[in-house]
Amino acid sequence: MQTKTHFLLVDFLKTFAALTIILHHLSSYGQIAEDARTVLPNVMAWLFNYGRYAVQIFLVMGGYLAAQSLLKQEKLRTVHAVLKVIINRYLRLFAPYVGALLLTIACAWVARFWVKDEFVGQSETLAQFLSHLFFLQGILGLDSISAGVWYVAIDWQLYAILALMLGIFPGLRSLIWMLAIFCVASLLYFNRLGTYENYFIYFMGPYGLGILAQLSKNDADPKVNRLARIFLGIVTVVIVLSSFQQIWMRNILALVVSLALIIWGDRSYQDHKHMKYHKLVNAILWSSRRSYCAFLLHFSFILLANTLYIAWGMDQRHDGMMAIALMLISVFMSWLAANYLYRWVEVPSRTLKLS
């Protein structure tokens, strides 16, 4: 019987980040968010103000896992090889992404009958939908169909840039030098200007920290490990020194996550149906596998929850407890629907790749 190795911290962080982003969006959109604040003002304020920082966890994890994946590839020394991994990454993201977009469009159409709120948006156009299919909506300045889909576009950009860098530079030590330059430039300049938020360079700081964390301990060459640790230390010093001028919590969080991955990221357990684990570990593994789908789907249920709340007239009573109940139901339905999107779309679509 085959087994697959999983890493507990990696699975936990994927689950935690996805859940936090879902709760952040629930605290941000619609009448249920406003009325829930009357019952849990401090919790809702925290989710609204700080929940978005979970994106930093996604970015560090993205760099860590992308480096792990790409370093296993055969040498990316030809244009064909680099293009193949970039296209395969696009295909890996594509099927569940499109399925979630179609569901969101349907839910938004229903919501517009009752919800008169800016977050529902105008009816989607063909140009808007096509731009989403090619991850161009942000670059073209078009409204997002769903909350969070911008991250899918950025994730693909960052993965593509890493693949290109591995193809261009003759060795990993050269890559680490350039990666450190990108990290520092992103953290100190590009990440502080909204002009660049639709481009990879805005997010290269935390993503690069994840790559350096992977290279600092999991490459076969001790010289690569040592150089990655040195530059990770340099980036750490840059973040600490820049904090004396202005504290950027997202940079500190990204650094903490990258250090945690270095220390605990390789603590593994085997996925085997006959092996017994604590129920919490099983729940983390189950959720981790479906976290991408839950992330894609949750906005549809935010739309539906707000629609039901207004259609039933509860917005007139400002029923905070019912608003919170609908939020919890939205979280539950996001993961339940994610289970089916994962099983019926994401897993079967993994066969769609260039060989």
Handout entry: Ile181-Leu241 co-clustered via ILVMFWY side chain contacts under 4.5 Å
Key =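 Ile181 does not cluster with Leu241.
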Handout entry: Single-linkage hydrophobic cluster Ile57~Val256, side-chain heavy atoms < 4.5 angstrom
Key =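 Yes, one cluster joins them.
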Quick check against the 3.5 Å criterion: does [X] have a side-chain atom that pairs as donor or acceptor with the backbone of [Y]?
X      : Y      : result
Thr20  : Gly51  : no
Asn88  : Lys353 : no
Ser27  : Ala33  : no
Ser216 : Asn225 : no
Arg112 : Gly121 : yes
Lys217 : Ile262 : yes
Thr15  : Asp11  : yes
Ser69  : Leu65  : no

Exercise for the section: Apply side-chain contact (heavy atoms from CB on, under 4.5 Å) to Leu71 and Leu215, showing your working. Expected result: CA-CA 9 Å; Leu71 290 173; Leu215 292 174; 3.4 Å; yes
Aromatic centroids of [Y] and [X] separated by under 6.0 Å:
X      : Y      : result
Trp177 : Phe231 : yes
Tyr97  : Phe135 : yes
Phe58  : Phe295 : yes

Practice task
Please test Leu140 against Gln128 for side-chain contact (heavy atoms from CB on, under 4.5 Å), starting from the C-alpha separation and ending with a verdict.
Solution key: CA-CA 9 Å; Leu140 296 177; Gln128 188 182 10; over 6 Å; no
[Y] and [X], any side-chain heavy atoms less than 4.5 Å apart:
X      : Y      : result
Ile145 : Phe299 : no
Phe169 : Met178 : yes
Trp335 : Cys293 : no

Exercise for the section: Report the residue from Asn191, Leu59, Leu187, Val55 that forms a side chain to side chain contact (heavy atoms under 4.5 Å, CB included) with Arg250. Expected result: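 Of all the options given, the one that passes is Asn191.
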Practice task
Give me the one residue out of Leu166, Leu164, Leu70 that meets side chain to side chain contact (heavy atoms under 4.5 Å, CB included) with Val85.
Solution key: Leu70
Would the number of heavy atoms belonging to other residues, nucleotides or ligands and lying under 6.0 Å from [atom1] of [X] be above 12?
X      : atom1 : value
Asp266 : CG    : yes
Tyr151 : OH    : yes
Ile247 : CD1   : no
Gln122 : CD    : no

Problem - Partners meeting salt bridge (charged side-chain N to carboxylate O under 4.0 Å, His left out) with Arg89 (sequence neighbours left out) - result: Asp155
Exercise for the section: Kindly indicate, with the supporting measurements, whether the criterion side-chain contact (heavy atoms from CB on, under 4.5 Å) is fulfilled by Val43 and Trp46. Expected result: CA-CA 5 Å; Val43 173; Trp46 188 91; 5.8 Å; no
Exercise for the section: Look at the aromatic rings of Tyr29 and His25 and report parallel, tilted or perpendicular, splitting at 30° and 60°. Expected result: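 Judged by the thresholds at 30° and 60°, the geometry between Tyr29 and His25 is tilted.
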Practice task
Compute both the distance and the angle, then confirm whether Arg92 meets the cation-pi test with Tyr159: under 6.0 Å from the six-membered ring centre, within 45 degrees of the axis.
Solution key: no
Exercise for the section: Answer yes if the side chains of Thr104 and Ser300 hold a donor-acceptor pair under 3.5 Å, and no otherwise. Expected result: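 A donor-acceptor contact under 3.5 Å links the two side chains.
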Handout entry: Matching residue for Trp156 among Trp150, Phe94, Tyr90 - test: ring pair (Phe, Tyr, Trp, His ring centres under 6.0 Å)
Key =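 The passing option is Tyr90.
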Practice task
Work out which heavy atom in Ser242 is nearest to a heavy atom in Leu188; give both atom names and the distance.
Solution key: CB-CD2, 3.8 Å
